[in-house]
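Here the structure comes first, spelled out in structure tokens, and everything after it is commentary.
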Amino acid sequence: MCGNNMSAQLPAVVPAARKATAAVIFLHGLGDTGHGWAEAFAGIRSSHIKYICPHAPVMPVTLNMNMAMPSWFDIIGLSPDSQEDEPGIKQAAENIKALIDQEVKNGIPSNRIILGGFSQGPISGANRDISILQCHGDCDPLVPLMFGSLTVEKLKTLVNPANVTFKTYQGMMHSSCQQEMMDVKQFIDKVLPPID
């Protein structure tokens, strides 16, 4: 299950309109691909930022009766005490690190790279000074708002709490909305301003 390798399918990329001085790597949710998110970022792009939306490998997912689908790692259950696919999560993290390393080789400093994701896709770093924007719909039936609240409280213990922003969207289910994408754009533009 942990043999996932993102190099099998090239990521969906929205190139910078001019020289890329920053990058956003954004991971899609379970069963999705990077294409839809690349389209969403194309609609809010900043000209100096390259947006990279990798595709998860296809694998059986325990939660979905072992049906094979794009997934960063196996999901056994949705309750807070469910077993986790630790080897799969570690492999996914290594694959994302390889994407970051590639962008650094391409000339983008690591402090000019943002990692983000939807649902199964979000990840966090160990740098206590990083800025985090977490968004959640208040009507999400798949990942209840309570889980989002628990996550943001945990994040505040791992990084500087002043750098953690939690936004909720009224009536939003397990999806995205225009206001959320505008908030994401504002966050990205604040963290990755143009440098030339």
- Query: Does a side chain donor of either K190 or S131 reach within less than 3.5 Å of an acceptor in the other side chain?
  - Reply: no
- Start with the C-alpha gap between M69 and V58, add the side-chain angles, then the distance that decides, and say whether side-chain contact (heavy atoms from CB on, under 4.5 Å) holds. CA-CA 5 Å; M69 62 185 56; V58 174; 5.5 Å; no
- May I ask you to test the N163-I132 pair for a side-chain heavy-atom distance under 4.5 Å? no
- Query: When hydrophobic residues are tied together by side-chain contacts of less than 4.5 Å, even through go-betweens, does L115 share a cluster with L30?
  - Reply: yes
- May I ask you to test the T21-I108 pair for a side-chain heavy-atom distance under 4.5 Å? no
- Heavy-atom donor-acceptor pair, W72 side chain to G88 backbone, under 3.5 Å: no
- Query: Do any N or O atoms from the side chain of H28 and from the backbone of A56 form a donor-acceptor pair under 3.5 angstrom?
  - Reply: yes
- Task: To the nearest 0.5 angstrom, please state how far the CD atom of Q186 sits from the CG atom of D189.
- Result: 8.5 Å
- Message: Using ring centroids (six-membered ring only for Trp), state whether H35 and H55 fall under 6.0 Å.
- Response: yes
- Do L78 and M67 sit in the same hydrophobic cluster, where Ile, Leu, Val, Met, Phe, Trp and Tyr count as joined when their side-chain heavy atoms come under 4.5 Å apart? yes
- Query: Hey, are the side chains of N66 and V61 touching, using non-hydrogen atoms and a 4.5 Å cut-off?
  - Reply: no
- Item | R128 (side chain) donor-acceptor with L158 (main chain) under 3.5 angstrom | yes
- Item | Separation between OG of S46 and CG of L192, rounded to the nearest 0.5 Å | 8.5 Å
- Query: According to a 4.5 Å side-chain heavy-atom criterion applied to Ile, Leu, Val, Met, Phe, Trp and Tyr, with indirect links allowed, do L150 and Y169 form part of one hydrophobic cluster?
  - Reply: no
- Item | Side chains of H48 and K19 in contact at under 4.5 Å (non-hydrogen atoms) | no
- Group every Ile, Leu, Val, Met, Phe, Trp and Tyr by side-chain heavy-atom contacts under 4.5 Å, then state whether F118 and M173 land in the same group. no
- Item | Side chain to side chain, P54 and I25, heavy atoms closer than 4.5 Å | yes
- If you round to the nearest 0.5 Å, how far is SG of C135 from CE of M181? 9.5 Å
- Item | Separation of D32 CG from C53 SG (nearest 0.5 Å) | 10.0 Å
- Test salt bridge (charged side-chain N to carboxylate O under 4.0 Å, His left out) on D101 and K105 and set out the steps. CA-CA 6 Å; D101 291 346; K105 285 179 189 167; over 6 Å; no
- Do L63 and I76 pass the side-chain contact (heavy atoms from CB on, under 4.5 Å) test, and can you show the C-alpha distance, the side-chain angles, and the key distance before you say yes or no? CA-CA 5 Å; L63 179 71; I76 289 86; over 6 Å; no
- Check against side-chain contact (heavy atoms from CB on, under 4.5 Å), L145 and D140: CA-CA 7 Å; L145 182 58; D140 189 332; over 6 Å; no
- Locate the shortest heavy-atom distance separating C139 from G171; write the atom from each residue and the value. SG-CA, 3.8 Å
- Item | N160 side-chain N/O to A162 backbone N/O, donor-acceptor pair under 3.5 Å | yes
- Could you give the distance from CD1 (I44) to CD1 (I49), rounded to the nearest 0.5 Å? 9.0 Å
- Message: What I'd like to find out is whether the side chain of K167 reaches to under 4.5 Å of the side chain of T165, using heavy atoms alone.
- Response: yes
- Starting from the C-alpha separation in whole Å, work towards a yes-or-no answer on salt bridge (charged side-chain N to carboxylate O under 4.0 Å, His left out) for E103 and K50. CA-CA 10 Å; E103 290 311 303; K50 176 182 181 181; 3.2 Å; yes
- Audit row: K90, E94, salt bridge (charged side-chain N to carboxylate O under 4.0 Å, His left out) steps and yes/no: CA-CA 6 Å; K90 286 180 177 178; E94 284 301 312; over 6 Å; no
- Would you check if the distance from the ring center of F41 to the ring center of F26 is below 6.0 Å? yes
- Atom pair CG (L27) and CG (N95), whose distance is rounded to the nearest 0.5 Å: 10.5 Å
- Crowding at CD, Q102 (>12 non-hydrogen neighbours, <6.0 Å): yes
- Taking every heavy atom of V14 against every heavy atom of A38, the minimum-distance pair comes out as CG2-O, 3.2 Å
- The complete set of ring pair (Phe, Tyr, Trp, His ring centres under 6.0 Å) pairs with one or both residues in residues 136-166, sequence neighbours excluded, reads none
- Message: Can you confirm whether V159 sits close enough to D129 that some side-chain heavy atom of one is under 4.5 Å from a side-chain heavy atom of the other?
- Response: no
- Query: Strictly by modelled atom types, are S119 and H174 linked by a side-chain donor-acceptor pair under 3.5 Å?
  - Reply: yes
- Task: Determine yes or no for a side-chain-to-main-chain donor-acceptor pair under 3.5 angstrom, with Y51 supplying the side chain and A40 the backbone.
- Result: no
- Heavy-atom closest contact (P109 atom, G107 atom, distance): CD-O, 3.5 Å
- Message: Hydrophobic cluster membership, with links at side-chain heavy-atom distances under 4.5 Å among I/L/V/M/F/W/Y: are F73 and L99 in one?
- Response: yes
- Do L133 and V191 come close enough that some side-chain heavy atom pair is under 4.5 Å? no
- Message: Walk me through whether M172 and D138 qualify under side-chain contact (heavy atoms from CB on, under 4.5 Å).
- Response: CA-CA 6 Å; M172 191 170 83; D138 68 356; 5.5 Å; no
